[in-house]
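A short worksheet on the structure shown next.
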Amino acid sequence: MCAMDDKPRARRRRYRRALLASAAGTAVLGGVLVTLPWGGQAPPPAPTPQERALAAVTSGVPAALPDLEALAAERERHLRKHPRDARAWAELGAAQVEQGVRLADPRYWPRAEKALRTALEVRKDNLPALRAMAVLANARRDHASARAWGEAARKLEPGRWTTYPPLIEASAGLGDDEETGRLLEKLMELRSGPAVMVRAAAVYRDRGWREDAAAKIADAASAAGEPAERAAYLERAGQLAWERGDREDALRHFREAVRTDPDQRAAQAGQGRALAALGRTTEALSAYRTALARHPRPEYALELGELYESLGMRSAAEVHYALLRERVRLAAAHGADEELVLGRFEADHGDARAAVRRLRAEWERHPSTEVADALGWALHRAGEDEEALPFAVRATEGTKGGGVRSALFAYHRGTIERSLERYGAARRHLTEALQINPWFSPLHAPRAKEALARLGEPSVQAGPESS
């Protein structure tokens with residue numbers, strides 16, 4: 001009996017020893033697998049700043065400013081020794097375009113154009129140079145030239161997805177909604193990923209599909225690679241939140257963008273916008289000043305000037321209006337078109353008839369939604385309400401009844417309709433403006449509320465109001 005009991009015990013001991021040996025062997029093997037890379041080779045080194053910047057600019061995604069500086073400096077050194085390297089010229093030009101965009105400095109444009117034209121002189125069928133020329137033209141707000149450069153790139157290689165984002169931007173700037181839609185469909189057939197999601201979000205936003213645009217931007221921010229790319233998408237998410245009147249959500253996105261990339265100055269200006277709407281005026285002024293110190297876009301000077309004006313600080317406002325004029329002049333000297341922002345400024349704070357002249361010319365060049373709104377408002381300010389109304393309708397309804405959901409555009413339309421004694425329509429659009437974003441402007445939002453109060457409730461006895 002005792003001998004029979006020993007056999008199972010012996011088997012159990014052997015089983016335990018086998019398990020221990022197996023576990024030990026697995027641990028050793030696991031250590032080897034963790035220690036040794038696959039294929040017996042060392043892991044690839046982390047990309048250099050130049051490599052990160054190059055991957056970004058060739059894919060059409062935002063790059064970090066230090067990386068762009070490193071790439072531009074490296075390519076300049078290389079080209080001093082190899083002046084016939086067409087690819088290096090194209091990469092230098094693309095980096096300089098992106099530097100100009102990130103810094104809001106039009107002085108980069110002539111340098112970038114020179115590099116890109118040199119690339120094309122060395123090699124005419126230089127696809128990266130053609131694409132970068134389209135990006136440069138869009139940055140200068142020369143959308144007709146951007147379309148021409150983009151089409152030249154597409155003719156060379158119709159299946160290259162990176163050609164389509166600048167073409168889409170150019171078509172939107174030219175007010176060609178149908179072509180914009182066709183180009184977006186083609187892009188989405190060729191590619192998915194954050195850069196495509198962001199371009200789709202911009203088109204959806206212009207069509208008034210606010211929820212779809214917000215979803216695409218959120219997905220893009222989640223899938224973004226480098227911090228500069230993610231920060232740019234967070235800034236756009238903040239802008240969409242701001243446009244729908246969600247001050248807290250906008251501020252959260254803008255702050256996260258700045259934390260992710262301290263050079264994201266558009267988000268710094270966005271913080272100023274949201275903080276002003278929240279009544280945190282001192283913080284708002286500080287945020288705007290910080291943004292303008294490193295990213296002096298004329299739009300931000302206009303916004304800060306109007307914030308000062310709303311606070312009764314006229315002298316401080318005039319300082320920033322002067323900065324706006326200076327930045328517009330600088331842009332024009334380097335081949336950029338800032339007539340839209342200058343026309344908006346003149347309509348509200350300067351010579352309305354001069355604004356009409358500027359914006360008529362701008363409409364001939366770029367018949368976009370934004371220009372339609374600005375021209376309509378300038379005509380109203382110049383006393384030409386009958387002519388102004390069709391432009392206001394175009395801005396709020398688009399070409400097929402699905403325009404941008406903009407509180408400012410709705411306010412402009414409602415004010416024009418009120419001047420034309422179309423009180424029902426005026427009441428409807430002023431109400432819409434305040435429903436979209438009750439804080440859309442420190443100057444105009446209070447005026448919208450005042451105008452709506454003066455219109456009062458519709459009269460029951462009066463019957464249906466004219467629209």
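Excluded from the calculations below are hydrogen atoms, water molecules and symmetry mates; all remaining heavy atoms, backbone and side chain alike, are included.
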Regarding Asp261 and Arg102, does a basic nitrogen lie under 4.0 Å from an acidic carboxylate oxygen? yes
If the threshold is 4.0 Å, N to carboxylate O, is there a salt bridge linking Glu450 and Arg454? yes
Could you grab the distance from atom CD of Glu185 to atom OG1 of Thr180, nearest 0.5 Å is fine? 11.5 Å
With rounding to the nearest 0.5 Å, note down the distance linking CG in Leu167 to CG in Leu183. 5.5 Å
Under the side-chain contact (heavy atoms from CB on, under 4.5 Å) test, residues paired with Ala382 that sit two or more places apart: Ala352, Arg353, Val356
Taking every non-hydrogen atom, the tightest pair across Ser59 and Thr162: CA-CG2, 4.2 Å
Side-chain donor-acceptor pair present, Arg273, Gln239, cut-off under 3.5 Å: yes
Under the salt bridge (charged side-chain N to carboxylate O under 4.0 Å, His left out) criterion, do Arg230 and Glu256 qualify, and how do the steps go? CA-CA 10 Å; Arg230 182 168 184 270; Glu256 181 62 23; 3.4 Å; yes
Only one of Leu103, Leu68, Leu65 passes side chain to side chain contact (heavy atoms under 4.5 Å, CB included) with Asp263; say which it is. Leu65
Less than 4.0 Å between a side-chain N and a carboxylate O, is that true for Arg117 and Glu113? yes
Would you call Arg365 and Glu362 a salt bridge, using N to O less than 4.0 angstrom? yes
Under 4.0 Å between a Lys/Arg side-chain N and an Asp/Glu carboxylate O for Arg147 and Asp176? yes
Presence of salt bridge, Arg344 and Glu299, under 4.0 angstrom: no
Closest approach of Asn138 and Ala146, non-hydrogen atoms and distance? OD1-CB, 3.2 Å
Side-chain ion pair, Arg405 and Glu432, N-O less than 4.0 Å: yes
Which distance, rounded to the nearest 0.5 Å, do you find between the CG of Leu120 and the CG of Asn126? 5.5 Å
Worked check of side chain to side chain contact (heavy atoms under 4.5 Å, CB included) between Phe254 and Leu234: CA-CA 7 Å; Phe254 290 138; Leu234 286 167; over 6 Å; no
When you look at Trp109 and His334, which way does the ring-ring contact (aromatic ring centres under 6.0 Å, His included) test go after all the steps? CA-CA 7 Å; Trp109 305 150; His334 293 88; 9.4 Å; no
Taking every non-hydrogen atom, the tightest pair across Ala228 and Ala63: CB-C, 3.6 Å
Do His143 and Glu169 get their side chains close enough for a donor-acceptor pair, meaning under 3.5 Å? no
Ignoring hydrogens and angles, tell me if any N or O in the side chain of Arg394 forms a donor-acceptor pair with the backbone of Ala372 under 3.5 Å. no
Does a donor on one side chain sit under 3.5 Å from an acceptor on the other, for Arg413 and Thr396? yes
Above 12 or not: heavy atoms from other molecules or residues under 6.0 Å from CZ of Arg314? yes
Do Gln268 and Tyr300 pair up side chain to side chain, a donor and an acceptor below 3.5 Å, judged on atom types alone? no
With the threshold set at 4.0 Å, does a side-chain nitrogen-carboxylate oxygen contact exist between Glu179 and Arg182? yes
Please round to the nearest 0.5 Å and tell me the distance separating atom CG of Leu174 and atom OG of Ser368. 8.5 Å
Spacing of Glu386 atom CD and Leu389 atom CG [to the nearest 0.5 Å]: 7.5 Å
NZ or CZ of Arg247 within 45° of Trp242 ring axis and under 6.0 Å: no
Indicate yes or no: does Arg154 engage Glu151 in a salt bridge with an N to O separation below 4.0 Å. yes
Using the test side-chain contact (heavy atoms from CB on, under 4.5 Å), find all partners of Arg111 that sit at least two apart in sequence or belong to another chain. Gln96, Arg107, Tyr108
Looking at every heavy atom in both Pro106 and Ala331, which two are closest together, and how far apart are they? CG-CA, 3.7 Å
Nearest heavy-atom pair of Gly93 and Ala112: which atoms, and what distance? O-CB, 3.7 Å
Worked verdict on His253 versus Glu235 for side chain to side chain donor-acceptor pair (under 3.5 Å): CA-CA 6 Å; His253 281 108; Glu235 188 277 330; over 6 Å; no
Sidechain N-carboxylate O distance under 4.0 Å for Asp249, Arg252: yes
Would His349 and Tyr321 count as a ring-ring contact (aromatic ring centres under 6.0 Å, His included) if you check the C-alpha gap in whole Å, the side-chain angles of each, and the deciding distance to 0.1 Å? CA-CA 9 Å; His349 307 284; Tyr321 295 154; 4.7 Å; yes
Distance (rounded to the nearest 0.5 Å) between Lys449 NZ and Leu434 CG: 6.5 Å
Does a donor on one side chain and an acceptor on the other come within less than 3.5 Å for His444 and Glu306? no
For the pair Arg140 and Asp337, find out whether any cationic side-chain nitrogen is under 4.0 Å from an anionic carboxylate oxygen. no
When you measure from the centre of the six-membered ring of Trp363, is the NZ or CZ of Arg360 under 6.0 Å away and within 45° of the axis? no
So, Glu417 and Arg428, do they make that salt bridge, N to O below 4.0 Å? no
